Asks: 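Pasting a structure below so you can have a look.
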Amino acid sequence: MYKLDIPIDNKEAAAIERRRNAELQRQSRVFNAKVRTIGVDLEAVREQEKERKMLEQMEKNRSDAFDADRVRQDKIAQLIGARRDADVRTVNKAELEFRETHQNPDQTREWDLNDPEYLKKDMPARVSDDDPRSTVSTLQKFEGEDLNNKARQKLQGEQMREWAKQQMKEKNDAKAREAYGEHLYQQKAKELDQRACELANAEEDCRKAMQRAVADYNKALKDEAAHQAELKKRREQDDNSTEIANNVYGDLLTENPAAASSAFGAHRVITDRWKGMSPEQLEEIRKQQEQQMNENERLAAEEAERNKEWERQALANARAGLLLEREQERLRRSLQKLGVDDNMRMAEEQKAHQEFLDKEVYTNEPTAAYFMQFNTTSR
């Protein structure tokens, strides 16, 4: 049996519903001709390019600041590492000295078992009267004997004095080494602190020098811009003065007739400089007008004669055209009859072809559901 009670995955259902809503919103934008944009929005593209460049510059400045801070941190880490290495070396040196002084092999607890000269250093059968080894069975000590009482006491006194001197000397040496090590540590710490301060001061001086250089460069740019603006203003004033002088003393205001002469001939003038015709030119124009009037009268008479000739030709052409129209009408009627016959034949062929298409070819006619599947998604 099929398992039909499977629970619905809420996350998957929410994802499906989110995609469905996004598709509906996209369709409302794509299918709405009022808000749909075809092509590329140049202003938006330029704005995006400007924002991208600004973000890149901000990221570069941020990266440069991080680099400078990383270099400073590296220098501080190097100083701290050098100080730690010096401390480790000092501790190792003190430990080695302590081992050489207080941890020799002959000072170990098991040295009496590992001493190669054990037999040479071994005590005799009887050392003193208090020797615990000298029991009755050893026959080394008898009642009333004290062989080296004075020597033993003297030796013990000297040994105690030597031990006291040696302990005092070792204690003083240890204090001196400790004081010397502390002095070296303080000197090294002071040297590292001074080096750190020098690096910080050098960095601050470099930053101030860069700021001064930037300020000087900006001031130079400002002075150069002001100088260029002054030069431009002075040139404009000179150009305006020259233009005013040219207009005042030019041919336009002085009405110089020679200014209207054209380089293409004496009979041509420059229209924007021409101030009018002279009396001689006006008289020449009147004479030419009279000649033109006489010529026009002659041409009118010739035109009237040509029109009469054209009228005679038109009557003759009209009679010939009437005969030609009658002949064309007879030919048209015969062609029309042939065309009607051909159209009837073609109509029968087309009807038979359409019946063949409807009955044999187009048997699966599309319904409304076929056309409803189009334009339903924005993809």
Side-chain angles (χ1 to χ4, degrees), residues 32-46 231-354 357:
N32 191 355
K34 293 183 179 180
V35 298
R36 183 173 63 243
T37 301
I38 299 176
V40 180
D41 191 354
L42 295 179
E43 294 296 331
V45 171
R46 294 191 185 98
L231 292 178
K232 182 178 179 182
K233 181 178 180 181
R234 191 174 301 172
R235 285 196 297 269
E236 289 180 354
Q237 291 178 356
D238 295 340
D239 294 340
N240 293 333
S241 301
T242 305
E243 184 178 0
I244 292 172
N246 291 334
N247 290 328
V248 171
Y249 300 104
D251 296 333
L252 179 64
L253 297 179
T254 57
E255 297 185 358
N256 185 10
S261 300
S262 176
F264 296 99
H267 61 286
R268 301 182 65 176
V269 296
I270 303 175
T271 56
D272 58 345
R273 301 178 185 178
W274 189 50
K275 299 301 181 179
M277 294 183 294
S278 61
E280 293 79 7
Q281 291 176 342
L282 294 174
E283 183 65 24
E284 182 66 23
I285 290 173
R286 283 194 289 270
K287 290 181 180 180
Q288 290 181 1
Q289 289 177 349
E290 292 177 357
Q291 292 177 0
Q292 290 175 358
M293 291 173 61
N294 296 330
E295 183 66 21
N296 290 335
E297 291 177 356
R298 184 181 63 79
L299 294 175
E302 293 179 355
E303 183 68 20
E305 187 64 27
R306 281 196 300 271
N307 289 336
K308 291 179 181 179
E309 183 64 27
W310 278 110
E311 290 176 358
R312 289 193 295 271
Q313 291 288 338
L315 291 175
N317 292 333
R319 286 194 295 270
L322 182 59
L323 296 175
L324 182 60
E325 287 179 359
R326 291 175 182 177
E327 182 65 25
Q328 290 178 352
E329 182 65 22
R330 286 194 297 271
L331 181 61
R332 185 182 63 78
R333 289 176 181 175
S334 62
L335 293 175
Q336 185 176 7
K337 185 177 181 182
L338 293 175
V340 170
D341 295 338
D342 291 337
N343 290 334
M344 291 179 66
R345 179 178 55 80
M346 292 173 64
E348 292 176 356
E349 293 177 356
Q350 186 176 6
K351 183 177 180 182
H353 181 66
Q354 187 66 34
L357 292 177

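Only a predicted model underlies this, so the values are computations on that prediction, with no experimental measurement involved.
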Asks: Which residues pass the salt bridge (Lys or Arg N to Asp or Glu O under 4.0 Å) test with Glu303, not counting sequence neighbours?
Replies: Arg306
Asks: Give, for atom CG of Asp239 and atom CD1 of Ile244, the distance between the pair rounded to the nearest 0.5 Å.
Replies: 11.0 Å
Asks: Yes or no on side-chain contact (heavy atoms from CB on, under 4.5 Å) for Arg326 and Leu322, after CA distance, side-chain angles and deciding distance?
Replies: CA-CA 6 Å; Arg326 291 175 182 177; Leu322 182 59; 3.8 Å; yes
Asks: Measure the spacing between CD of Glu329 and CD of Gln336 and express it to the nearest 0.5 Å.
Replies: 8.5 Å
Asks: Are there more than 12 heavy atoms of other residues, nucleotides or ligands under 6.0 Å from atom CD of Gln350?
Replies: no
Asks: Before accepting this row, confirm whether a basic side-chain N of the pair Glu348/Lys351 lies closer than 4.0 Å to the acidic partner's carboxylate O.
Replies: no
Asks: Taking Arg286 as the fixed residue, which of Glu283, Glu284, Gln288 is the one that meets the side-chain contact (heavy atoms from CB on, under 4.5 Å) rule?
Replies: Glu283
Asks: Quick one: CD on Gln292 to CG on Leu299, what's the gap to the nearest 0.5 Å?
Replies: 11.0 Å
Asks: Does the side chain of Leu331 reach to within under 4.5 Å of the side chain of Ser334, using non-hydrogen atoms?
Replies: yes
Asks: So, do Met344 and Val340 sit near enough that their side-chain heavy atoms are less than 4.5 Å apart?
Replies: yes
Asks: In Å and rounded to the nearest 0.5 Å, what is the CD to CG distance from Gln328 to Leu335?
Replies: 11.0 Å
Asks: Name all residues meeting the salt bridge (Lys or Arg N to Asp or Glu O under 4.0 Å) criterion together with Arg235; count only those two or more places apart in sequence or in a different chain, and write none if there are none.
Replies: none
Asks: Working to the nearest 0.5 angstrom, can you tell me the gap between Trp310 CH2 and Leu315 CG?
Replies: 13.5 Å
Asks: Leu323 versus Glu327: any side-chain heavy-atom pair under 4.5 Å?
Replies: no
